[in-house]
There are 2 protein chains.
Amino acid sequence: MKEKLTLMIPGPTPVPERVLKALSKHPIGHRSREFQDIVKSTTELLKWLHQTKGDVLTITGSGTAAMEAGIINTLSKGDKVICGENGKFGERWVKVAKAYGLEVITVKANWGEPLDPENFKNLLNDHQDIRAVIITHSETSTGVINDLEKISSYVKHHKNAITIADCVTSIGACEVKMDDWGVDVIASGSQKGYMMPPGLSFVAMSEKAWQANIRSDLPKFYLDLISYKKTVDKDSNPFTPGVNLYFALEEALIMMKEEGLESIFMRHQRHMKATQEAMKSIGLNLFAKNGFGSPSITSIMPEGIDAEKIRKTVKEDFDILLAGGQDNLKGKIFRIGHLGFINDRDIITAIASIEATLNKLGKSKYPIGTGVAIATKILNERSN
Amino acid sequence: MKEKLTLMIPGPTPVPERVLKALSKHPIGHRSREFQDIVKSTTELLKWLHQTKGDVLTITGSGTAAMEAGIINTLSKGDKVICGENGKFGERWVKVAKAYGLEVITVKANWGEPLDPENFKNLLNDHQDIRAVIITHSETSTGVINDLEKISSYVKHHKNAITIADCVTSIGACEVKMDDWGVDVIASGSQKGYMMPPGLSFVAMSEKAWQANIRSDLPKFYLDLISYKKTVDKDSNPFTPGVNLYFALEEALIMMKEEGLESIFMRHQRHMKATQEAMKSIGLNLFAKNGFGSPSITSIMPEGIDAEKIRKTVKEDFDILLAGGQDNLKGKIFRIGHLGFINDRDIITAIASIEATLNKLGKSKYPIGTGVAIATKILNERSN
């Protein structure tokens, strides 16, 4: 049976009917008053979501475009930066920094473990010429959350440095207090917590980030944030934006506002806990170090079973798409995305399907239903 | 009355119901077999549309992103290039070239006039170190078509140079024979002849363009076409693409294939002629030099009437959105987009609305219906 797919990968995530309907409206002129109204309202809602009074700029492109924009608009050739690297996305930002001739000091952690904030503190103390700390908040490839709040607290007191954070799978899933934490640049993408299809990405810029922009000399045009800043102040865009994606964005942000930030974050916490405990209860090991699981993605490293075999069977038998491991984790882990438009039913369904799959593969160690029972108990703690 | 807008601007253009329906399907995983099938089929159809055996790469971004990608993937810092400049987009490519430290020689023509191919020939003869000729095929800001075929024929025999062409409002509207004409890089955007919403853009690369890529040293990451080439060869993308926009692209390209290239081009020619002759017949001057009107956009420079007044009245009274003039042409011209999903009814409707508007403004020199009559006659020459 086709057309009944459930997405539980860390993006694209499921999209509500309301948002799909908005997406499929006839396009309008991107220089019209009607479209300016949408730019204005989405910009305000994006600021609300980022908990910032600063700018949030919308780019037509992927999250990588937004992250690259954050880097190349605040730095200059030869600048010294620290990159946190404990997964595929951390690695990617190292590549971007090197492509633009930045001098990169890496802070590494094993995949599955979080970055140690004290390493950043020490390096910042030792290198007064550091211009930026570039880190991934929720490492999508491993399902690990890094301590953005603590790391940026160390950067905040440094003379020159700014914090540039990939919040692609954390924004809209857990607290990201841009202004309170003193994060200077936040990049994210539409196909994640935003509950809409891919195609738009977002760069939030603090006042300190704009100050850094003044001396930035890296070449850019499409990703030159000055053009976006000048036009967003007139409720417009420098280039033809994804007009229909903006329709979807507006509807999705309205839905998020209706639910409320606190409720959204609590929902993701409950889903994370339910998924983690259910997996452990059926003998499947969590890949992320205890206490550092991402609110958006739970990575499982099963022992004695090919992770891809589980993932493929869940897809074939139940049409739930889980994510596999990337690079050296291929075949070793699978990842459950519980990000964005996910309700309790999706969580127990995924768990039940994984239990049924283990049973089919002759790998069940516990009675079917064990995981669902644990998850249900945790999900019921809604009112606590 | 709301919700009955007709778009007759040079982008976004109207989108067929079939394409909007495709757009609003639930997203799927961008690394799935199902999505790879879409990448494969759209890539083949894009090659057909570009009349090339070379590569056509799809970027999530605007046409400007595609054009920038074409420039920064084939050139190096300090390279000498010729930019054709006879409108706003010509100016933009000069800005991109300068942003990346290229040495720019401009070939100018007055806005409304085409670039003189002989100027390119002479410059290419005088400068054996020219690395690229950068031109706009259909200048969207003025409604002028430049002679891409002739200009690229001169570039073809030059030792080093390649032709980089902005075909944003020509591809899917008139002949663009990439291989036959020897055009090396072609950039375009989805919200034009493609009959779909904005958000995707396309860069076609010839073998000579890939050769130039080898020595290109300009920094890039999101727009690094090597990543797109490596992944498209596996029916995939380097970053999360606009998945739903791809659904729309596939449907729109299938519709174009059904209509056939020759029919599409003839339709645009008939619409261009009908619009031009109708405007002249009611005393409105064409802005583009005679014989150099774009197949996609007809620019009108009315005498003794504020062009914005006509444009706004047509919008208010008939809900047809025409485009205004840009920069120094603001208030002096208005532009009728007849690009993409436009049928004969749209053409006579636009003409009738303009006639009614002139009448309302007390500026009619000819009986209402004069323009419609001329247009109808030309549109009826369908079978000739």
Side-chain angles (χ1 to χ4, degrees), chain A residues 3 5 7 9 11-15 20-32 34 59-65 67-69 71-72 77 92 95-96 99-101 189 191 196-200 218-224 237-245 248 315 321 323-324, chain B residues 3 5 7 9 11-15 20-32 34 59-65 67-69 71-72 77 92 95-96 99-101 189 191 196-200 218-224 237-245 248 315 321 323-324:
Chain A
E3 305 280 328
L5 174 70
L7 284 175
I9 55 177
T13 58
V15 178
L20 290 174
K21 286 245 163 67
L23 182 67
S24 68
K25 282 165 62 176
H26 284 282
I28 61 175
H30 60 294
R31 302 286 177 218
S32 65
E34 293 81 354
I59 295 173
T60 299
S62 82
T64 296
M67 194 62 185
E68 180 175 346
I71 293 169
I72 67 178
K77 195 169 179 183
R92 182 174 287 179
K95 282 182 195 160
V96 172
Y100 282 90
Q191 75 279 19
M196 57 166 286
L200 294 183
L218 298 172
K220 57 243 171 192
F221 192 85
Y222 185 66
L223 296 179
D224 188 342
N237 285 268
F239 313 111
T240 312
V243 166
N244 290 57
L245 291 168
K315 173 70 178 69
L321 186 64
Chain B
E3 305 280 329
L5 174 70
L7 285 175
I9 54 176
T13 59
V15 179
L20 290 174
K21 285 244 162 66
L23 182 68
S24 68
K25 283 165 61 176
H26 284 282
I28 60 176
H30 59 294
R31 303 286 178 219
S32 65
E34 293 81 355
I59 296 173
T60 300
S62 82
T64 296
M67 194 63 187
E68 180 175 347
I71 293 170
I72 67 179
K77 195 169 179 182
R92 183 173 287 179
K95 282 184 195 159
V96 172
Y100 282 91
Q191 74 278 18
M196 57 167 287
L200 295 183
L218 297 172
K220 57 243 172 193
F221 192 84
Y222 184 66
L223 296 180
D224 188 342
N237 284 269
F239 314 112
T240 312
V243 166
N244 291 57
L245 290 168
K315 173 71 177 69
L321 187 64

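This one's a predicted model, so the numbers in the text were calculated from it and none came from an experiment. Sequence lines set the chain letters: A, B, ... in the order given, protein chains first and strands last, and positions in each chain run from 1.
Counting heavy-atom pairs closer than 4.5 Å to chain A, the top-ranked of the candidates Leu321(B), Val96(B), Leu218(B), Leu200(B) is Val96(B). Among Ile9(B), Thr64(B), Val15(B), Leu5(B), the residue with the largest count of heavy-atom pairs under 4.5 Å with chain A is Thr64(B). Between chain B and the residues Gly199(A), Ala248(A), Gly242(A), Ser62(A), the largest count of heavy-atom pairs under 4.5 Å involves Ser62(A). Comparing Arg92(B), Glu34(B), Glu3(B), Met67(B) by how many heavy-atom pairs each has under 4.5 Å with chain A, the most go to Arg92(B). Across His26(A), Lys21(A), Lys25(A), Arg31(A), the residue that shares the most heavy-atom pairs under 4.5 angstrom with chain B is His26(A).
Using a 4.5 Å cut-off between heavy atoms, Leu7(B) contacts chain A through its side chain alone, with no backbone atom that close. Contact of Pro14(A) with chain B is not made at all, since no heavy-atom distance falls under 4.5 Å. Proximity to chain B (any heavy atom under 4.5 Å) is restricted, for Lys315(A), to the side chain, taken from C-beta onward. For Pro241(B), the part lying under 4.5 angstrom from a heavy atom of chain A is the backbone only. Lys77(B) does not touch chain A: none of its heavy atoms, backbone or side chain, sits under 4.5 Å away. Residue Ile28(B) touches chain A through both its backbone and its side chain, counting heavy-atom pairs closer than 4.5 Å. Within the 4.5 angstrom heavy-atom criterion, only side-chain atoms of Leu245(A), from C-beta onward, approach chain B.
Considering NZ of Lys220(B) and OH of Tyr100(B), their distance stands at 9.0 Å, rounded to 0.5 Å. With rounding to the nearest 0.5 Å, the separation of CZ in Phe221(A) from CD1 in Ile72(B) is 11.5 Å. To the nearest 0.5 Å, atoms CG (Asn237(B)) and OG1 (Thr60(B)) are separated by 6.5 Å.
Nearest heavy atoms, Pro27(A) versus Leu20(B): CD-CD2, 4.4 Å. The shortest heavy-atom contact between Tyr222(B) and Gly61(A) is OH-CA, 3.4 Å. Residues Pro12(A) and His30(B) come closest through the heavy atom pair CD-ND1, 3.3 Å.
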- Message: For a side chain to side chain contact (heavy atoms under 4.5 Å, CB included) check, start with the C-alpha distance between Val243(B) and Gln191(A), then their side-chain angles and the critical distance, and finish with the verdict.
- Response: CA-CA 10 Å; Val243(B) 166; Gln191(A) 75 279 19; over 6 Å; no
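Between the Asn244(A) side chain and the Ser24(A) main chain, no donor and acceptor come within less than 3.5 Å of each other.
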